[in-house]
Amino acid sequence: MSITNSTSSHPAAFLLVGIPGMEHLHVWISIPFCFAYTLALLGNCTLLFIILVNTALHEPMYLFLAMLAAIDLVLSSTTVPKMLAIFWFRDRVINFYTCLVQMFFLHSFSIMESALLLAMAFDRYVAICRPLHYTTVLTGPLITKMGLAAVTRAVTLMTPLPFLLRRFHYCRGPVIAHCYCEHMAVVRLACGDTRFNNIYGIAVAMFIVVLDLLFVILSYIFILRAVLQLASQEARYKAFGTCVSHIGAILAFYTPVVISSVMHRVARRAAPHVHILFANFYLLFPPMVNPIIYGVRTKQIRERVLGLFLRKDV
């Protein structure tokens, strides 16, 4: 397949390198990647199944968790299968428009996950700080509106990117030094004035991470204040215990983002494969650990998972 196209300013396809400088280790690297992806598929599909078939779990917290599982499934499935194809079969070619679609889904669903973690923080805030109003505040229509708002924000922010990238002439070659089509990795191959893309990408990332994380932290300040005002120590442990799973999900999502961002600025001279491995970790880690965190920490889900497997053994 030819990766050039003389009738267009962009190539017909790009070549994904994988992890630069570690091509000889691709097969070995694929083992933990495949294991993590398998865990993500099994864990998130199990969570979705249990929440959907058990009407007792059709409560705000579990509905948000079902949305998180669905987002994690799409987020990991957008990139990992192609990654494994590169590692196992050296299938490095990706169609130009397929690349743009992958980039759109990757960034859109990352933004949706950030918004959903914020919505889950609001859920915990109402449950602990306004418990008597929980059922009247977090109604079905409100949850639907919050989910639609998360989707709308992500799609609105990411829709311009494919159109902006399509107009460039890619004179720096078709080789992307990455495992998947990420916005800035594609922009680096473009000729012409890419300042708007650079500024837009940074602005969106800062807007999402800083704003969402700021509101999450603010929610937990109010939650902590409400918990400390409880009379007994047992009540405090019980109240804050309902937040542990969500805090784990927040750390799993934002910690790799922060580390990757710091690495790009502090360790600019680090080998390219270091940055690529951190970027892959960011995509694989949250979808893998979120079902484990909620499965272990949430009694209702843990009991139903055990019941599901015990029923099969009978």
Side-chain angles (χ1 to χ4, degrees), residues 14-49 65 68-94 98-99 102-103 105-107 109-110 112-114 117 175-185 245 247-264 266-267 270-297 301 305 309:
F14 287 119
L15 283 176
L16 293 167
V17 171
I19 303 178
M22 301 186 74
E23 289 86 353
H24 60 293
L25 296 174
H26 275 177
V27 174
W28 294 105
I29 294 170
S30 71
I31 296 172
F33 277 50
C34 184
F35 178 72
Y37 183 53
T38 302
L39 280 181
L41 288 179
L42 289 175
N44 287 294
C45 286
T46 302
L47 270 182
L48 273 173
F49 176 76
L65 181 55
L68 182 66
I71 289 171
D72 280 340
L73 280 172
V74 177
L75 189 58
S76 55
S77 297
T78 297
T79 54
V80 179
K82 182 61 181 178
M83 260 190 251
L84 295 177
I86 295 169
F87 294 157
W88 291 341
F89 312 115
R90 297 186 179 181
D91 181 16
R92 297 174 180 175
V93 178
I94 183 168
T98 304
C99 178
Q102 185 189 60
M103 181 199 69
F105 274 84
L106 166 66
H107 294 304
F109 278 84
S110 294
M112 287 181 210
E113 180 149 351
S114 181
L117 290 172
V175 179
I176 299 176
H178 215 304
C179 298
Y180 50 83
C181 291
E182 186 262 338
H183 175 237
M184 290 310 300
S245 297
I247 292 171
I250 290 169
L251 292 174
F253 180 78
Y254 284 111
T255 302
V257 174
V258 173
I259 292 175
S260 180
S261 178
V262 171
M263 284 284 296
H264 273 290
V266 176
H273 67 263
V274 175
H275 297 292
I276 304 298
L277 285 171
F278 266 109
N280 292 334
F281 183 72
Y282 159 69
L283 285 178
L284 282 168
F285 189 63
M288 178 184 70
V289 301
N290 283 342
I292 297 171
I293 291 170
Y294 280 95
V296 171
R297 289 292 313 176
I301 292 176
V305 170
F309 288 103

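Not measured: the values here are computed from a predicted model. One is the number of the first residue; the rest follow in order along the sequence.
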Q. What is the distance from atom CD of Q102 to atom CD1 of I94, rounded to the nearest 0.5 Å?
A. 4.5 Å
**Q.** Minimum heavy-atom distance between M83 and C179, given as atom pair plus value
**A.** CG-CB, 3.4 Å
Q. From I19 CD1 over to L277 CG, what is the distance, rounded to the nearest 0.5 angstrom?
A. 4.5 Å
Q. Does a sphere of radius 6.0 Å around CZ in F49 hold more than 12 heavy atoms from other residues, nucleotides or ligands, not counting ones at 6.0 Å or beyond?
A. no
Q: Test side chain to side chain contact (heavy atoms under 4.5 Å, CB included) on L73 and L48 and set out the steps.
A: CA-CA 10 Å; L73 280 172; L48 273 173; 3.6 Å; yes
(Q) If I take atom CG from residue L84 and atom CG from residue D91, how far apart are they, to the nearest 0.5 angstrom? (A) 11.5 Å
Q: Just say parallel, tilted or perpendicular for the rings of F253 and Y282, cut-offs at 30° and 60°.
A: tilted
Q: Would you give the length of the straight line joining atom CG of L16 to atom NE2 of H178, rounded to the nearest 0.5 angstrom?
A: 9.5 Å
Q: Give the ring-plane orientation class for F87 versus F33, where under 30° counts as parallel, over 60° as perpendicular and anything between as tilted.
A: perpendicular
Q. How far apart are the C-alpha atoms of L41 and T38, what are their side-chain angles, what is the distance that settles it, and do they pass the side chain to side chain contact (heavy atoms under 4.5 Å, CB included) test?
A. CA-CA 5 Å; L41 288 179; T38 302; 5.8 Å; no
Q: Check whether any side-chain heavy atom of Y254 lies under 4.5 Å from a side-chain heavy atom of S114, and answer yes or no.
A: yes
Q. What are the two closest heavy atoms between M103 and E182, and how far apart are they?
A. CG-C, 4.3 Å
Q) Would you find a donor on one side and an acceptor on the other, under 3.5 Å apart, between the side chain of D72 and the backbone of A40? A) no
(Q) Restricting to non-hydrogen atoms, name the atom on F109 and the atom on L75 that form the minimum distance, rounded to 0.1 Å. (A) CB-CD1, 4.0 Å
**Q.** Set of residues satisfying side-chain contact (heavy atoms from CB on, under 4.5 Å) with respect to I293, sequence neighbours excluded
**A.** S245, V289, N290
(Q) So which atom in K82 and which in V93 form the shortest heavy-atom distance, rounded to 0.1 Å? (A) NZ-O, 2.7 Å
Q: Take V80 and L284 through the test side chain to side chain contact (heavy atoms under 4.5 Å, CB included) and record every step on the way to the result.
A: CA-CA 8 Å; V80 179; L284 282 168; 3.6 Å; yes
Q: State, yes or no, whether a side-chain contact exists between T46 and P291 at a heavy-atom distance under 4.5 Å.
A: no
Q: Rounded to the nearest 0.5 Å, what's the gap from NE2 on H107 to CE on M112? Could you check?
A: 13.0 Å
(Q) Looking at every non-hydrogen atom in both residues, tell me the closest pair between A249 and L117 and how far apart they are. (A) CB-CD2, 3.9 Å
Q) Do F285 and T255 touch side chain to side chain, with heavy atoms closer than 4.5 Å? A) no
Q) Relative to the ring of F281, is the ring of F278 parallel (under 30°), tilted (30 to 60°) or perpendicular (over 60°)? A) perpendicular
Q: Would you indicate whether the side-chain heavy atoms of I176 and V17 approach each other to under 4.5 Å?
A: no
Q. Which value, rounded to the nearest 0.5 Å, describes the distance between L106 atom CG and S76 atom OG?
A. 11.0 Å
Q: Please report the C-alpha distance between T79 and F105 in whole Å, then the side-chain angles of each, then the deciding distance to 0.1 Å, and finally whether the side chain to side chain contact (heavy atoms under 4.5 Å, CB included) criterion is met.
A: CA-CA 9 Å; T79 54; F105 274 84; over 6 Å; no
